[in-house]
Asks: 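Take a look at this one; I'll ask things after.
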Amino acid sequence: MIQNSQQNAIREEIVRAVVQGKLPMSALKEAGITFEVQENQPGGDRQIRVEAKAPLSIELRPIDIAHGLLTYKDQPEALRDWATFLLSDLEVIDLTTLESWPEGDELLSALWDASFEGRVKSAGIRVATALVDE
Amino acid sequence: LALNNGTISYSYSPYSGADLGAGTIGLPVNEFPGIQGQANYFGAQWIVNGAGPVVNTLAGLTVGFVGVAMGTGTLAGTATTSGIVSQTSGYLSKSAARAVVQRLATSAAQAAAAAKAVSRATSSSSIEVLKQGTDLVVRVFRAGGDNGHQEMEYIIDQAGNKQVVQKAFSNAESLIHYDPK
């Protein structure tokens, strides 16, 4: 049990670092998470596969997402993959707490922009910057 | 609730009603009977393959292809249907979507995952929740940057396993995705 608890703590630390942009998306494998995006034709539906080898749920804070947005804001492809992971992973990534934060909706909007368009609007950048600078 | 291929039956108190008649409607694609706290809320929609919008009047409740009918009437009985295409629902707010999720989920794992899917919606998003067999489907929509819209579709089975599909539509309803390459 202790071992599982410790393992989960490590997995959480890895995932949170990925969300914050401090570790690359490839580090998710170290946390036992598989993330794949399949697009059969350009412009078509994108099938997203996310699997966790063991249960884990992490409540993200606005500051976590703010760090990630600022890290990836000038890397469209990386930004898109990162945001798609956050929007797609219903197992590990818990965004419910964002709703109780005033910045939450702006950050969610930024995730959608990032995931679908590979960019973040200036409002999202402003919110993220303000959070990180606090 | 029973939502079967070609047949629909409802048994929600205080709703009751008559046979809808054979062949008059397409597959009933969604229903929101008695959302908790909103006892008079009822919505149902039908699609007939290739036939476009279909409107049916059921026990005094007019139900159209788009939108959620509101009423205190009853919808009950069975209907032989045709032209099965897909299942959809009216567009819901986050709070309403959560209520529907709790109502339609058949397991705790399914409900938890669906609630997390709803949490991905922004304040300007609209949400569909529907049941396809034993799967629960949550679709979150948001206006896109080119006057089209963006969609995240989460299909969740009873065990809580998920399939996620991301779709972006232009104003002309064609699929588009930004390609950063």
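In what follows, chains are A, B, ... by sequence order, proteins preceding strands, each numbered from 1. If you're wondering where the values come from, they're calculated on a predicted model, not measured in any experiment.
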Asks: Do A:S115 and B:Q166 meet the criterion of a side-chain donor-acceptor pair at a distance under 3.5 Å?
Replies: yes

Asks: Mind checking which of residues 155-163 of chain B sit less than 4.5 Å from chain A, heavy atom to heavy atom?
Replies: B:I156, B:K162

Asks: Which one, A:D89, A:L107, A:L87, leads in non-hydrogen pairs under 4.5 Å with chain B?
Replies: A:L87

Asks: Just verifying a value: how many Å separate A:L131 CG and A:E103 CD, rounded to the nearest 0.5 Å?
Replies: 4.5 Å

Asks: Using a strict threshold of under 4.0 Å (side-chain N to carboxylate O), is an ion pair present between A:E106 and A:R126?
Replies: no

Asks: Does this structure show an ion pair linking A:E99 with B:R98, if we count only N-O contacts that are shorter than 4.0 Å?
Replies: yes

Asks: Does A:D64 form a salt bridge (charged side-chain N to carboxylate O under 4.0 Å, His left out) with A:R16? I'd like the steps, not just the answer.
Replies: CA-CA 7 Å; A:D64 298 324; A:R16 199 177 293 280; 2.6 Å; yes

Asks: Apply side chain to side chain contact (heavy atoms under 4.5 Å, CB included) to A:D94 and A:I58, showing your working.
Replies: CA-CA 6 Å; A:D94 188 348; A:I58 301 172; over 6 Å; no

Asks: So for A:L98, is it side chain, backbone, both, or neither that comes closer than 4.5 Å to the heavy atoms of chain B?
Replies: neither

Asks: Pick whichever of A:V37, A:V50, A:D113 has the most heavy-atom pairs under 4.5 Å with chain B.
Replies: A:D113

Asks: Select, from A:L111, A:T84, A:I93, the one with the greatest count of heavy-atom pairs under 4.5 Å involving chain B.
Replies: A:I93

Asks: At a heavy-atom separation under 4.5 Å, does A:Q47 approach chain B through its side chain, its backbone, both, or neither?
Replies: both

Asks: Just by distance, with hydrogens left out, do A:S100 and A:T97 show a side-chain donor and acceptor under 3.5 Å apart?
Replies: no

Asks: Is A:V15 linked to A:I10 within one hydrophobic cluster, defined over Ile, Leu, Val, Met, Phe, Trp and Tyr using a side-chain heavy-atom separation of less than 4.5 Å?
Replies: yes

Asks: Side chain to side chain contact (heavy atoms under 4.5 Å, CB included) for B:F141 and B:E128? Distances and angles first, verdict last.
Replies: CA-CA 8 Å; B:F141 301 92; B:E128 284 184 325; 3.5 Å; yes

Asks: Should A:I48 and B:V165 be counted in the same cluster of Ile, Leu, Val, Met, Phe, Trp and Tyr side chains packed under 4.5 Å apart?
Replies: no

Asks: In terms of heavy-atom proximity below 4.5 Å to chain A, should B:E151 be classed as side chain, backbone, both, or neither?
Replies: backbone

Asks: Compute whether any side-chain donor of one residue and acceptor of the other, for B:S123 and A:D105, lie under 3.5 angstrom apart.
Replies: yes

Asks: Sort A:E51 into side chain, backbone, both or neither according to what part of it lies under 4.5 angstrom from a heavy atom of chain B.
Replies: neither

Asks: Parallel, tilted or perpendicular for A:W82 and A:Y72, by the 30°/60° rule?
Replies: tilted

Asks: Indicate, with yes or no, if A:L70 and A:V18 share a hydrophobic cluster defined by side-chain heavy-atom contacts under 4.5 Å among Ile, Leu, Val, Met, Phe, Trp and Tyr.
Replies: yes

Asks: Pull out the residues in residues 108-116 of chain B that come under 4.5 Å of chain A, heavy atom to heavy atom, sorted by number.
Replies: B:A113, B:K116

